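Take a look at the structure set out below.
This one's a predicted model, so the numbers in the text were calculated from it and none came from an experiment. So you know, we letter chains A, B, ... as the sequences are listed, proteins then strands, and number each from 1.
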2 protein chains.
Amino acid sequence: MKKYTIKDIAELAGVSKGTVDRVIHKRGKVSPAALEKVTKLLEEIDYQPNLIARSLKNTKNYHICVIQPDPKIDPYWQPCTNGVNDAINEYNSFGITIDSYYFDHTDTRSFLEVNKTVLKQLPDAVLITPVFHKESIEVIKIYNANNIIVSTINDPLELNGITNYVGQDLIQSGRIAARLMEMIVPKNRTILIIHLDEVFNNSIHMQLKEKGFKNYLERLPNSKFNLKTCSLQQTDLDKKLHDLLKKPNDISGIFVTTSKVYSVANIVKDFPDLEIKIIGYDLLDENIKYLKNNAIDFLINQNPKHQAYLCITQLAEYFLFDKKIPRQKLLPIDIINSENFDGYTHN
Amino acid sequence: MKKYTIKDIAELAGVSKGTVDRVIHKRGKVSPAALEKVTKLLEEIDYQPNLIARSLKNTKNYHICVIQPDPKIDPYWQPCTNGVNDAINEYNSFGITIDSYYFDHTDTRSFLEVNKTVLKQLPDAVLITPVFHKESIEVIKIYNANNIIVSTINDPLELNGITNYVGQDLIQSGRIAARLMEMIVPKNRTILIIHLDEVFNNSIHMQLKEKGFKNYLERLPNSKFNLKTCSLQQTDLDKKLHDLLKKPNDISGIFVTTSKVYSVANIVKDFPDLEIKIIGYDLLDENIKYLKNNAIDFLINQNPKHQAYLCITQLAEYFLFDKKIPRQKLLPIDIINSENFDGYTHN
DNA sequence: TTGAAAGCGCTAACAC
DNA sequence: GTGTTAGCGCTTTCAA
């Protein structure tokens with residue numbers, strides 16, 4: 001069970017530590033004889049370098065900049081900030097500095113400005129949340145040109161130049177909602193799909209979820225639902241949804257593709273007779289309020305906190321221990337009801 | 001953004017590194033003047049020791065022994081083994097050796113024997129899965145007497161002498177199943193609670209889940225269900241359940257408190273007219289087979305893999321970086337349906 | 001092509 | 001009380 005060190009190998013092979021190191025890192029300048037002897041020994045012993053010692057040598061301070069929408073403007077992003085803060089605490093004793101930069105997710109200019117500020121710092125990596133597709137492409141190019149690693153969460157941009165993506169399979173996410181709907185809504189009724197956001201940044205998100213949702217329900221062999229899609233701005237919602245529900249209808253389920261479910265639940269509660277089931281996204285406090293009294297039936301957890309945390313973890317372990325960064329990491333998609341939300345928020 | 005080292009502090013305070021170290025570790029033998037000056041400086045600078053350097057100093061090889069039921073005998077434990085293996089790979093480059101020991105979960109003697117073997121090794125910590133309550137108490141005492149850290153997963157033993165527990169809130173787990181049942185089973189029908197296990201080791205488990213399940217459903221204001229509990233051995237199941245379902249009945253839901261749901265689903269599929277909803281535990285391959293074709297409606301994921309992995313992580317980071325071990329860590333309780341199981345198994 | 005030596009930041013033994 | 005020093009395992013520079 002002894003742990004072999006470079007020194008041990010060197011002694012066993014009758015060479016110096018330096019030579020062993022050259023062999024391990026294939027830096028050449030080693031005689032064939034020494035090369036063979038050391039290589040064989042490393043094999044036999046199954047030498048594992050001490051990653052802590054290796055890391056200590058590298059006294060560089062790594063710098064990661066996180067660029068995300070301001071949680072003060074859209075509370076959806078608060079968990080993301082929390083995940084980043086966890087990572088800050090976790091890694092600050094390991095020589096990794098993490099700075100947060102916020103932009104206004106309704107304003108492309110603020111996004112571009114923040115990126116300009118970050119670029120000046122020349123960090124080792126940036127973690128961006130690419131809510132603006134076109135602009136993101138631009139800034140990513142610049143980061144790449146400056147040899148800055150680019151990580152993303154939340155939005156599966158199919159872009160070159162991104163080192164790693166942490167997120168979820170959004171089509172599958174829609175399918176999950178669909179399966180849940182199928183279980184709790186009587187057959188042959190109408191189900192509303194509501195896209196609800198102040199701005200239409202997240203459209204890719206919403207489209208993929210809708211696609212998965214429809215895809216599942218339309219292929220059901222023995223139960224057909226009537227699916228209707230509405231794209232609404234927050235400001236229109238109140239009037240339009242009221243109008244829809246006031247008229248005679250057989251709407252029995254609503255799938256909201258964003259985290260603004262609470263505002264839908266808030267309207268639906270005025271129509272208790274309709275017995276409408278609601279499924280939407282994310283563990284915002286307001287959503288949980290409605291979940292608790294069963295006004296919302298299920299929430300799907302996109303886990304932005306863990307997305308952010310994990311993404312930084314991957315970067316940190318790459319810097320510290322040279323651990324490979326997986327190009328894509330899809331997190332599980334959590335189904336949340338009134339009884340299990342606690343375990344996800346209290347983490 | 002500069003990272004201050006002990007050397008920096010020493011220079012700033014006009015003392016030596018040794019003195020700074022003595023202050024940091026409160027080892028005394030420091031003059032009041034020096035103590036004050038250094039303490040103040042540490043505060044001001046918010047000094048964070050470099051944990052990598054600190055860890056390197058400690059060249060000790062830590063040894064953790066994992067004692068768990070043999071997954072060859074009960075496949076429920078396979079994910080647990082996988083989690084341990086992940087941890088082995090993760091930490092073997094950090095000077096932490098992890099050995100696995102298996103026992104037969106139907107045989108207390110094998111449990112005791114394995115513990116005897118492990119004790120001889122005098123490891124730094126053991127991770128035990130306490131399926132045998134009485135015997136566990138005994139061995140834990142002995143480990144404690146030998147200054148061996150004891151961690152547990154899976155079973156919330158309320159025992160002294162255990163350093164940390166990683167698991168789930170089992171009463172809440174039952175409540176989650178109940179809420180799901182409520183949503184998918186018509187009101188006023190009969191719901192069966194089936195405890196199913198070859199041996200009755202897990203009885204605490206099963207009882208707590210039943211308690212939560214009943215607790216939720218019995219307090220519902222406007223829908224009453226008729227709850228019936230059956231404790232069955234695997235061998236009796238086939239005949240008894242068949243008999244029950246053959247007779248006229250209004251059974252519309254079955255909650256199986258263990259991972260052996262598949263064997264219940266296998267019987268229920270012979271009674272398609274009854275439209276019985278089934279909820280049970282864990283992502284065994286066989287369970288997922290039934291989940292996929294909706295013969296099982298929901299599974300609750302106890303995540304034994306993550307339980308094991310996390311528990312070892314906590315020990316490792318304690319040994320390496322002196323990170324505090326939380327006495328109890330309750331994992332979120334995942335709700336799984338035919339569409340989201342993938343994200344949980346593929347991790 | 002090779003070995004010796006310095007040093008990463010921290011700890012602890014030892015001498016003063 | 002205090003400073004000096006050696007050393008953890010690995011990397012890298014420099015001299016041979």
Give a yes or no on whether [X] atom [atom1] has more than 12 heavy-atom contacts from other residues, nucleotides or ligands under 6.0 Å away.
{"X": "K60(A)", "atom1": "NZ", "result": "yes"}
{"X": "Y101(B)", "atom1": "OH", "result": "yes"}
{"X": "N146(A)", "atom1": "CG", "result": "yes"}
{"X": "H25(A)", "atom1": "NE2", "result": "yes"}
{"X": "Q48(A)", "atom1": "CD", "result": "yes"}
{"X": "Q328(A)", "atom1": "CD", "result": "yes"}
{"X": "N160(A)", "atom1": "CG", "result": "no"}

Checklist entry - Between F103(A) and F111(A), is a ring-ring contact (aromatic ring centres under 6.0 Å, His included) present by the stated rule, with each step listed? => result CA-CA 5 Å; F103(A) 63 90; F111(A) 177 70; 4.8 Å; yes
Item to check | Trace of the ring-ring contact (aromatic ring centres under 6.0 Å, His included) decision for F94(A) with F319(A) | outcome: CA-CA 10 Å; F94(A) 291 92; F319(A) 289 138; over 10 Å; no
Give the rounded distance in Å between these two atoms: [atom1] of [X] and [atom2] of [N].
{"X": "K17(B)", "N": "dG7(C)", "atom1": "NZ", "atom2": "P", "value": "11 Å"}
{"X": "D8(B)", "N": "dC8(C)", "atom1": "CG", "atom2": "C1'", "value": "13 Å"}
{"X": "K29(B)", "N": "dC16(C)", "atom1": "NZ", "atom2": "P", "value": "17 Å"}
{"X": "I6(A)", "N": "dA4(C)", "atom1": "CD1", "atom2": "P", "value": "15 Å"}
{"X": "D322(B)", "N": "dC10(C)", "atom1": "CG", "atom2": "P", "value": "15 Å"}
{"X": "K60(B)", "N": "dA12(C)", "atom1": "NZ", "atom2": "P", "value": "15 Å"}
{"X": "N58(B)", "N": "dT11(C)", "atom1": "CG", "atom2": "P", "value": "10 Å"}

Next on the checklist: So if I take every side-chain heavy atom of R22(B) and compare against dT2(C), dT11(C), dA13(C), which nucleotide ends up nearest?
Outcome noted: dA13(C)
Checklist entry - Looking at the side chain of K57(B), which of dA12(C), dA6(C), dC10(C) is the nearest nucleotide? => result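 Out of dA12(C), dA6(C), dC10(C), the nucleotide with an atom closest to K57(B)'s side chain is dC10(C).
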Item to check | Neighbours of DNA chain C within residues 46-56 of chain A, by heavy-atom distance under 4.0 Å | outcome: L56(A)
Checklist entry - Hey, are the side chains of I325(B) and L315(B) touching, using non-hydrogen atoms and a 4.5 Å cut-off? => result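 Contact flag for I325(B)/L315(B) side chains = yes.
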Next on the checklist: So V139(B) and V118(B), do their side chains get closer than 4.5 Å, heavy atoms only?
Outcome noted: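 They are not in contact (no side-chain heavy atoms under 4.5 Å apart), so the answer is no.
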Item to check | Outermost DNA chain D nucleotides near chain B [under 4.0 Å, heavy atoms] | outcome: dG1(D) to dG9(D)
Item to check | Pairwise 5' ranking along DNA chain D for G28(B) and K7(A), keeping only the more 5' one | outcome: G28(B)
Next on the checklist: Nearest heavy atom decides the nucleotide; on that basis, is S31(B) or D21(A) closer to the 5' end of DNA chain D?
Outcome noted: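 Result of the comparison: S31(B).
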Next on the checklist: If I compare all heavy atoms of V126(B) with all of P123(B), which pair ends up nearest, and what's the gap?
Outcome noted: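 In terms of heavy atoms, the two residues are closest at CG1-CG, 3.8 Å.
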Checklist entry - Under 4.0 Å between a side-chain N or O of T19(A) and OP1 or OP2 of dT1(C)? => result no
Checklist entry - When the C1' atoms of the five terminal pairs at each end define the local axes, what inter-axis angle does the helix from dT1(C)-dA16(D) to dC16(C)-dG1(D) show, to 10 degrees? => result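 End axes: 60° apart.
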